[in-house]
Each structure stands twice: as C-alpha cells, then as structure tokens.
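Note on naming: letters A, B, ... go to the chains in the order of the sequence lines (proteins, then strands), and numbering restarts at 1 for each one.
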Amino acid sequence: MSTTLDSRYDPNEAQQRWYDFWERRGYFHAEPDERQPYTIVIPPPNVTGALHMGHALNNTLQDVLIRWRRMQGFNTLWVPGTDHAGIGTQAVVERRLREQEKKTRHDLGRDGLVQRIWAWKDDYEARILNQLRRLGSSCDWQRTRFTLDPVCARAVRQTFFRMFQDALIYRGKRLVNWDTHLQTAVADDEIFHETVQGHLWTFRYPVKAAGEPAGQAGEHIRIATTRPETRLGDTAVAVHPADPRYQHLIGRTVELPLTGREIPIIADAILVDPKFGTGCVKVTPAHDPNDYQTGLRHRLPMINILNPDGTIHANGGKYAGMDRDAAREAVVADLQALGLVESVEDYETQVGHSDRSKTPIEPYLSDQWFVRMDKLAEAAMDAVRDGRVRIHPERYTKTYLDWLGEKRDWCISRQLWWGHRIPVWRQPVSHDAPAQAAALRALETQPGAAPEDSIAWQINRQGTGEIVHSSHEEPSLFADLAEGDYDILVCMLRDDAALVASLEAAGFVQDRDVLDTWFSSALWPHSTLGWPEPTPDLEYYYPTSTLVTSRDIITLWVARMVITGLYNCGDVPFRDVYIHPKILDAFGQTMSKSKGNGVDPLDIIDRYGADALRFTLTRMTTETQDVRMPVGYACPHCGTIIAQKSEHQQMKPRDGRKPRIKCPSCKKEFQFSSPNFDPDAGEPVGRVVSERFEEGRNFANKLWNAARFALLNLENYTPGPVALDQLADEERWILSRLAGTVSEVTEHLERFRFSAAANAIYDFAWSEFCDWYVEMAKLRLRDPATRGPAQRVLATVLDHLIRLLQPVMPFLAEQVWQALGAHAPERGIPIPSAPADSVMIAPWPLAPTEWRDPQVERRIARLQEVIKAIRNIRSKFSVEPKRRVTAVLRTSADIAAELRGFAPFIAQLATVSDLRVGPDEGKPADSVSAVSSDWELWVPLAGLIDRPAEIARNRKLLGSIEGQLKSFRSKLGSAEFVSKAPPDVVELHRQREADLLNQKASLQEILHELEGVPG
RNA sequence: GGGCGACUAGCUCAGUUGGUUAGAGCGCUGCACUCACAUUGCAGAGGUCACAGGUUCGAAUCCUGUGUCGCCCACCA
C-alpha cells in the first residue's frame, strides 16, 4: 500500500482504481450457471435529468444487496438501464427549445422533435450511468437497457398485441385529465391540487312549465357554480330525489340561457347533496368527472365545449375561440345583463394542475386507449395476498391492495411524440363495409402476415369502448354494420413494411398517440431479460429476487409490473419488494433542484467519498417513511458548511444583484443556486451538501487507520494454524464479538434492516475492534514470544471485518483487502488459506459457533468496567494523563484472580502503576472510590481531593442507588409481582436488589469515613 | 371525507415478542496532538418517551381518545 504513511484516507484514488479493476475482471457480469440466481432490476431512472439523493439511496441499497448476495455465493445479476419518461422528457426538451430557440415542437415536426429528444436522452443516459459507476454500483453493464430500445420495444409490442387480441385493450371516449398546454392526457398521479381563490356564482334558470313558454310563469331554479363557462356544455340540472323543495320539478325542463337549449331536470342521489348550495346542480358530463358519471347514469348527451388548447369549441356558439378564462367572464357578463345572476361570493377551490406544465387541468372528453383492469388487478392482488410477492415494510401492502382494488381501467394513451407509438391502424366502417371486410380478410391471409398471430382486429363502437367484433371471428361478420358508428382497428405485431403499405393503401391510418411511459416500465423485469423470446436469461433470472423502490410508485409501477409479469410470463416479477424512505430536507420538504435544496450525489462523492455517501445513506435507512437530511451550502472559499435556512430558499435578486451568502468563517461571500435565479457564470458557487456525510467519512478514515495499524504490525507475518484454546482472552473475546456481529449483520440484511446492519458493523469496528481489541493487542504484538499468534488473529479479524464491510463500503474494503493480501497472503482461523483475488468475490463471513464465548465476553466486560471507573476518577479529579496512579480493588477471590491476569491492560489503558486487588483490600487514605455490583475501587489521590465535593458526589450516587432500591423493593414486596411475573424476571430483580444493597453499603461506608475524618 | 405514518436528548434517529431508572451519531462541556487515527482519544452534561385516560404485578412499547405534523387516496356543484 503506497499510501500507508498517510493518516488520511483518500477515497478518490481508490474509487477509480478499484472500479476499473472490478470491471476489467468481469465481476459485474453474470451468466446463467448451476448456482442459485439473485436478481435485481434497477428502477430505471428517468432520462429527464441527472440522479439526485433519492436515486443515490435507491441504488446504494440495491448494490448493498447485490454485493452481499454475490459474496454469499449467489449468481447475482443487477440489470441497469434508464426510462424514456415520455411526458417528462418531452416537456423538458420542449421547454429548452422554447427558451433557447424560441421554437415550438410544431416548428420541428414529429421526427425533428423526436430526434432532439434522442440527443437529450443520449446525453443524460451517459451522465446517469456514469453517476451509477461513481457510486460503485456493480451493475452488469453489458445488459444495460433503455425502455425505448429494440429489446424493450419488442416486448411492448407483444404485450399490446396480446392484450388487444384478448380484448383487454380498448379504445373509447373517456373523461381524462387534459393538459391544455402540452395538449395531452395526463394520469391522475401526474396532477397536483392547488388552492385557488375563485368565486361561487349563483344563477337563475327559468323553469319551463309543460306547454308554456319558459320563464313566463316566473318559476326559476337556482344553481351555484364555480365554473360558469362550463354551462355551455350543460345537458341537465339535477336535484336530490328526496328533496321536498324540488319534487314538482323533476321531469320538467329548463331553458339554458345563452344557448337556448332546453335541458331536463333530473333526480340523482349520488351527485346531489341537498344540503350544499341551493341543492340544484348543473350537469356538464363532458367536463366534470362526477357529471360524467351522472351523464352515463342518465344517458345524457355529452357536449364538448373545449378545443385541445383550452379555447372554447364551436359547440360554445358565440363564445367559440375565446380562451376559457375570457369565456368565463363573458358568460357571467351576459347572464348579468339578462338579470340571471343572483349572487357572487368569494370561494376557495382546489384546482388540479398538471405536474409537467404547471397549468390547470381540464377534464376533457376524448378518445383514449385503455387496459381493462378487473381480472388483471385481481390476479395481481392474489399474488400479494398469498405471499408470492412480499412487500417490506408490510404496511405498504395496504397501499397496493387498496389501489388495485379500485380496478380502474388504465388510460395508456398519451398525445405525445416521445414514446412507443400505438401499433394500431384505424378507419371508420364505411358505406361499403363488405368491401372493407374483404380487404381485412385479404390482409390477414397476406404472406407477410404469417404466422397467423401477427394481425389482430377489433370493431369498436365509436366513443363507447365497446368491442362488437374481433379477430376471433370472421371479418365478414361486420359487413352489415351501419356506416358512421363504428371503427375498424387493426393491430400489428410487427412493423412489416409490406403489410403496413397494404394497410395504408386500404385506407387505414396509424393512431397518432404513444403509450404511457408506465406501459413499458411495467414490463421492465421481463423485457430486460429478453422476453418474449425464451432466452436463457429469462429462464434463469426470472422471476427476479428483490425490487428496491420508493413508496410513491407502488401503484404506478410495482402493481403494474405484477400485472404484466403474471400476464406475460405466468409468474410474479419479483419475490420481495423493499420500500425505502424518502429523503427530505431539514424543513420536511422533498428535495429538488427547483427548490434549491437538492444535493447532488457527485458533490458528496467529491467531498466525502463514495463509501462515505453509501455508508451514511445505508445508516439512514430505517423503517420510517421519511428521513430528514438537513442541508447547507459549502463555502467555495474555505469549505465551511453554512446551514440552509428557508430564507435562503426565498431570497431574490435585488437591484439586479444576485443574493450572496457571507461565510462566517472566512468572511468571503459566494453565490448559490436557487429556485428564483441562477448564479452568474464564473462566480464561485456554494454547493448544496450535508454534514451528515461526515459520519461516513470519519468512519472510513477510522477503518483506514485501523488497517494501517494492522499492516504496520504485520511485518514479518507468518501464516500458521491457530488453536482457539491457545489464544489470549482478548483474542477469544474479539473472535466471539466478531462471530456475534457476523450473524447480526446477516440477519439484519436478510430482513432489509439496512440501518441496523450498518450500525452493527460500525459498533463492532469502532467500539470493539479499534477501541479495545487493538489497544489490548498491542501488548502481545510487542512481545516477540506472542507476536506471531497475535498477528494471525489480527489479520484474520481484519479480514472478516473488511468482508463485512464490502457491500456498504466496497472501495475502502478493496483497498485494504489488497494491502492485507500483500502482508498476509494466507490467513484464517484455525487453518490459514489464500484469500480471494478481490474482496468483492470473497465469501461472506460465516460465524463459527465455536468462536462464541459468553464467559470471556463477561470477563472482558468486567475489565472494561474497571478501566472505565479508574478513567472516570482520573478525569473527575483532573489527574494529569501521564501521571500513574495506584488502584485498589476489593472483590471476590475469583474476580481478583481474573483481574490480576488483566493487570497489564489496566496498567496500559488506565495508566495504573500499582494494582492491588483481593478480598481483603481496604480503603487507602486520601483515596477516591467507586463501586459496582462486583467490586469496590479506590484510587489514592492525596492532595487532589476536595472533601466536601467528594461527599456531595457520593451522596448523590447514594441517592440514586436508594431510589432504584426503593423501586425494586416495592416490586418485590408486591405479592402480585412475585406470583404473576415470570420467575426469571423475579430472579433478575432479586439479584439486582442484592447488588444495589451491596453498593449502598459500600457507599455508606465511604461516606462515613469521609465525614468522620476531619478535612 | 377515508387511509397510512410520525411525535423519544439542542438536531437526526434507534429502541426487536411489555420486564433493571431509555440508547447512538452529530452538537455541547472539560482534558489530551503518547509511536493507527485530532476526520482522533478519554471523561461528562443533557430526556417526567406529545397529552389524557385505560389494560397489566409492570407500559416509550398494548388499547381508547385528544393535539400537532407529514404523506397517500377520494373529492365538495
């Protein structure tokens, strides 16, 4: 190890060097063999942007699992890749186009825009994959996939085709969330609600009496609305069937002012809450989800009044072409003029906004493609109910089951250009339906169409989603369908040029829409393995083992993968789903670049190292649903971290000058990135980082130095067998603790308790290995007589520790492993052997039960207690660190013998020159005391003792002991406790009471003496 | 409105099936740069476990209710 002399660990060199080493040796690559597989497919990051802290966490945990299982001997495969993220990526590219070139997508055309997005994708995919490498991810890069690549595209096509054939996919008019800015449907999950200050208007509509002109009789019905413009599309007014006020109106009609249309008054108990507003509701089936349902129930006409861009449709009469907001004002003004506005009040409403364009969503009736969910959802629910898929933490199964239980059909079409195009060609049934049927029949039998399953068709009643005929039947069946109401939909499994040509020649036109991104993501676990081809990979690695993801996509992604896995492969896509926490900032907000609180993993790697990042993230991963990570700005001048406050997020440029932060340490100022502005080019920028990662860096450094110590002490190492019964107590102890730690860590990982696993390693390495074993080992290492065996134990323990560490801190582990190999090329207890070429492929440590030794653990614990007690006294009385003291202990003969054996340690670790220990020892003059349940201790400190202070200290101690004693006595004095509590608990209490009584007696004696002897 | 979760030391979090007077890291205080490590070591201070009831011999832990916060779902014309 060339850097042996450097007491600081430099992660950068190790990272580059060992990652290349692993990759060159092909450790990341997997091929099916006779071993048991362990497979993870990455949740493919969106190519919309670079990876953030959430990704770093997600991928760290996957790599921990993969590296651990690899060491356990599994054939491990981690499939990497990225997601095209349809709407998200198109939106960012379009925004850039607009900002940088002042162009819209229409200026470029479909092919032009898609080309631009591919360029963006190439750029970000490279950045993302590089970030994963910097993180240390042991992905099989040869299997890198992208959701739009040919392998995935074929799977998408196959799935769509089969679902189409099985009538699980249909096309119909549905009310969807329409983004008028991007002009596409967006999913429910891509919407956020914002509170908007609006108004609630109450209008009066004249009721038309039978046979009379409207309004003449003077009866009006009062209707409240927050959206007056939608009344252009009203097709009914609804009242509650049991509302006595309106009984007489049900079945009559009103004239809809401004349109002149006459619409019915209907009764609907679901839509109408008689206690709200006037108890009368306008019904606009084409522009409101509830009204839409009402429209279906009452078979009302559905009048669309909006164009895709949010302006009023020709159906809106004189308002046609106006923007929706302008139309609202105009409608109100016109009704006002007619005297039909009864009142206007301020009103707060929740308005749905598109996540992507941040503009208000319009419920909009349009033709869309859907997957029928009823049976598919039921199968996916069963897979979780019967444990074929297990979700951890378990509470998230409820999220999964509740969502699937709704069985809402899945809208899979998007009016975008970036994505998998819907492979369906369409034309309406014409006046010459028999000829169309014949043409279809001809297509089916065309040479390119073989095998028979490459073309499928449906006859669909326009707008309804109803499939009236399908390719399971003879095409001639639909030859007698009337013109105008039906569409012929032809789905092609492959893009066969000749077939497409004949299709289009026959008048079919391909659907312009693309598929929802989640349609391709849903196939990810099997599409990446080569499905639909029966590849060896698919055969061997599917179903995958574990899915690691965050809770916000349990429904969008996890549930849908189970659905398609079962549908396509007949088996679940994974056995375990681990849901990890989300990382929030100090104020509980999600991190994002746009809020200025996002931490870039590369900044952390640069500052603290990849191992530090990984360790800290692993240690943060508890079972809670969120973890907080306070962030700060790193001063670009001196590196000091200044905590980010919410005011930093609010700061705005003033007088053209960007805000700056003044570093309290070096007094210089710097700029920072913010939601409100970008830093000036060339200015030093304070990066957003978090001090939390110091914990990981410090740990790495501690381990590094422990390794340095070991290596320095392994000069002239010779391998050889080690017999347990020849080892010293401290050696037996560290092996026992090591064995305990190994089984603990293994069990934690098996149960996805990442934080607990990291803590167990940390505590063992720092508090046991470094703090005690290394200090004690120094004695035997210095003595030529014991140096050899001591070296063998040291090398073996370090070897095991490094292997435990590998999954979490692979770079440091490899660095130490290689260096250790140079010093101790054979090591192990009882019989040494040559280690693996890399710690990455070394076997996961087993915990031999013969290493466990509870008795030696108790003995060392007692030793530690004595040493700590002496140190405590030294510290309290400000004894100079170098000054040697005498320690006197009164204890049983057994313990005395044991402690005498440990005298060198007590001398070394507590700076004791004279140790006197035995059953007959007594308090020396001018000494300070300590008591435990096993012994009484005195340290003579003539001249240093402040007698009144010492009395006070012991009195306080006595008070605490008496307090405890009281609580134990009252418990033991209770007949109920003694009779009802388990015997071992009672016994424990008795023991404890006896210990306390001993200590109390000792303290009383001490106090008696202190108070009795005049100061 | 329905559901889920959280509330433990100044901060971030542990606390396994109820059982010694509750732990860690950071921060804080004091001492120490002794030959692995000051990104360190040693010692210490700091908590009526959100609140109120209940179950129990015994509650941070189980039950009920209240409060505060967060998230998810459904949505108020």
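When rounded to the nearest whole Å, the span between OH of A/Y400 and P of B/C71 equals 26 Å. A/H989 places its NE2 atom 8 Å from the C1' atom of B/G58, with the value rounded to the nearest Å. For the pair A/K882 NZ and B/U34 P, the interatomic distance rounds to 7 Å; values are reported in whole Å. Going from atom CD1 of A/I553 over to atom C1' of B/C72 covers 14 Å, rounded to whole Å. Summarising the geometry, the separation between CG on A/L584 and P on B/G5 is reported as 17 Å, rounded to the nearest angstrom.
Between A/D291 and A/R297 there is no salt bridge, since no side-chain nitrogen of the basic residue lies less than 4.0 Å from a carboxylate oxygen of the acidic one. Salt-bridge formation is detected for the pair A/R751/A/E747: a Lys NZ or Arg NE/NH1/NH2 atom is positioned less than 4.0 Å from an Asp or Glu carboxylate oxygen.
Contacts of A/E406 with the nucleic acid, taken as non-hydrogen atoms under 4.0 Å apart, involve only primed sugar atoms and P, OP1 or OP2. A/R753 comes within 4.0 angstrom of nothing in the nucleic acid, heavy atoms only. Residue A/L271 is in base contact, counting any heavy-atom pair closer than 4.0 Å across all strands shown. Nucleic acid contact class of A/V774 (heavy atoms, under 4.0 Å, all strands): base. Residue-level contact check: A/R395 touches the backbone only, with heavy atoms under 4.0 Å from sugar-phosphate atoms and none from bases.
The nearest heavy atom of RNA chain B to A/R697 and to A/D552 marks one nucleotide each, and the one closer to the 5' end goes with A/R697. Residue whose closest nucleotide on RNA chain B sits further toward the 5' end, between A/V879 and A/M629: A/M629.
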Apply ring-ring contact (aromatic ring centres under 6.0 Å, His included) to the pair A/Y717 and A/H823, showing each step before the final yes or no. CA-CA 7 Å; A/Y717 170 88; A/H823 286 73; 9.2 Å; no

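When distances are taken from the side chain of A/A981 to each of B/C31, B/G19, B/C71, the shortest belongs to B/G19.
The two residues A/F769 and A/A706 make their nearest non-hydrogen contact at CE2-CB, 4.0 Å.
At the phosphate of B/A14, neither OP1 nor OP2 sits under 4.0 Å from any side-chain N or O atom of A/N759.
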